[in-house]
Protein chains: 2
Amino acid sequence: MTMATEQTERPGRPVSKRREATRERLRAAAIEAFAERGFHGTSVEDLCERAGFTRGAFYSNYASREELVLDLYERQGAAINARLAEIGATADLEPRELLRQVMAVWGEEEAGAERRRAFNLLLGEFTLHAIRDPEAGAAWHAVQGRLRADTARLLQDYLRVRGLTVPVSSDDLARLLHVVVQGSTTQHLLDPQAGSAESLAESFVALLLQAARPTSAVGA
Amino acid sequence: MTMATEQTERPGRPVSKRREATRERLRAAAIEAFAERGFHGTSVEDLCERAGFTRGAFYSNYASREELVLDLYERQGAAINARLAEIGATADLEPRELLRQVMAVWGEEEAGAERRRAFNLLLGEFTLHAIRDPEAGAAWHAVQGRLRADTARLLQDYLRVRGLTVPVSSDDLARLLHVVVQGSTTQHLLDPQAGSAESLAESFVALLLQAARPTSAVGA
DNA sequence: CTGTTTCGATACGACTCTGTATTCGATACA
DNA sequence: TGTATCGAATACAGAGTCGTATCGAAACAG
């Protein structure tokens, strides 16, 4: 019931190389365009022009704009999760470095401010769309759920190894971290003069570390 | 240079009663519609139909959809600020109660879940729009700036009276609080099963209180 | 009660977007 | 080399939207 994505494909054929390349260009153009004007603000026309195709190409690959959006959801989600998994593997970092890594997942920092901006706008669009549309909501929820579970495990291990305890469940902690990381980036985009995006998130980490106590005191 | 809003009005006339009522209905309809479909997804037609007018009425009052959006920016901003000012006056509350009040500002909780949802979607739209459009960005920045300054003062007084210190500037603290409050609401909308919107924000407050130390240790 | 002003409704032309049906060129394969 | 297939371009019909220019009714002033 929730596996509706990509109806366009007949399961028999394995998707030719050319076709896949076309789609990739369409997706890239869509990411740009959506970041600039939002889902609703972007016409199929816009999007195809950017990609250097005509609408014929689009409708040959996707049944509707909505279907492309769902495709993007899954791919972006998978990309984020993959990057966090990498971090999980390389774990055992000091707090600041860990934060930097996590923020990089969110903001793709190495690619420069412009890309970070676009990525954040795209996330914002995703979020709004997920709140409005049940199908998108389910897809996004699945992605976020995995992400949060991984983050929670990461944090839990981290605290356990260091013998620290905080007065918050690791799930809530993961949620808070995501909220703060994304929120910090957004704040920075709204008001670039007020310090880097990291600095606000670092304040949160500072707070977190000061709230952490040795695990010894297990008694409630 | 930044006082462009409301060009439609000739400064001479004082805006008749009838006209003001019409605008109010248009604004109310716009809030609904924007929350449901976003700025770009809402046609002037949609909006007028909802308000029970034809497009003629709209163009007689606003030069463009964009102008209406800016009008909403200012009004919503003013409303938020006013409510926070009230809280500031009634201050001297315990942390949980203070948080509840602040969340009420954000989420208008008394008006029920549906309205909270709409309000949050609208805020999301505002934020994205502010990141994209310089003029909207300036307007939103002004509103947010006042809000943040008030919150910071509130928090600062609060901590000072209690003789507490946290390792973060009060400005950053205010930013964090806003980010967390808004983020918590958003999280709740994305995943209503995972506890109330307040519970996540409360976790943050718990963290914050545990991180707070008596001011005595000023040396450092 | 009458003349004037105000303000929303109506009518209109231009434009844009959508989705489909068809065409045509390129590529793969025998 | 000839032919079948695939995939993007083109052409087209229909719907929706925009902004304006004009009209008519209600509100208001004298």
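Chain identifiers are assigned alphabetically (A, B, ...) following the order of the sequence lines, protein sequences preceding nucleic acid strands; residue numbering begins at 1 within each chain.
Per the geometry, NZ belonging to B:Lys17 stands 14 Å off P belonging to C:dC7, to the nearest Å. Rounded to a whole Å, the CZ atom of B:Arg37 is 14 Å from the C1' atom of D:dT17. Residue B:His40 contributes atom NE2, which lies 16 Å from atom C1' of C:dT16 at whole-angstrom precision. Protein atom CZ of B:Arg23 is 11 Å distant from nucleotide atom C1' of C:dC7, rounded to whole Å. If you take CZ of A:Phe58 and P of C:dC17, they are 14 Å apart, rounded to a whole angstrom.
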Enumerate, atom names and distances included, each donor-acceptor pair closer than 3.5 Å involving a side-chain atom of residues 34-41 of chain B, sequence neighbours excluded.
| residue | atom | partner | partner atom | Å |
| --- | --- | --- | --- | --- |
| B:Glu36 | OE1 | B:Arg50 | NH2 | 3.1 |
| B:His40 | NE2 | A:Arg37 | O | 3.4 |

For nucleotides 18-30 of chain C, give me one character per nucleotide, 5' to 3': B if any protein heavy atom sits under 4.0 Å from the base, S if the only such contacts are to the sugar-phosphate, - if neither. BBB----------

Using the rule given for salt bridge (charged side-chain N to carboxylate O under 4.0 Å, His left out), can you reason through A:Arg27 versus A:Glu20, listing the C-alpha separation, both sets of side-chain angles and the distance that settles it, and then say yes or no? CA-CA 10 Å; A:Arg27 283 191 295 262; A:Glu20 181 48 37; 2.8 Å; yes

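With sequence neighbours excluded, no residue forms a side-chain contact (heavy atoms from CB on, under 4.5 Å) with A:Thr54. A:Tyr73 is linked by a ring-ring contact (aromatic ring centres under 6.0 Å, His included) to A:Phe126, A:Trp140, counting only residues two or more places apart in sequence or in another chain. Every residue two or more places apart in sequence or in another chain that forms a ring-ring contact (aromatic ring centres under 6.0 Å, His included) with B:Phe58 is listed here: B:Tyr62. Looking at residues two or more places apart in sequence or on another chain, you find a side-chain contact (heavy atoms from CB on, under 4.5 Å) between B:Ser184 and B:Val180, B:Leu200, B:Ala201.
Remark: A:Ser60 is in phosphate contact with D:dA8, judged by side-chain N or O atoms under 4.0 Å from OP1 or OP2. Regarding contacts with the backbone of D:dG7, every side-chain N or O of A:Asn61 stays at 4.0 angstrom or more from both OP1 and OP2.
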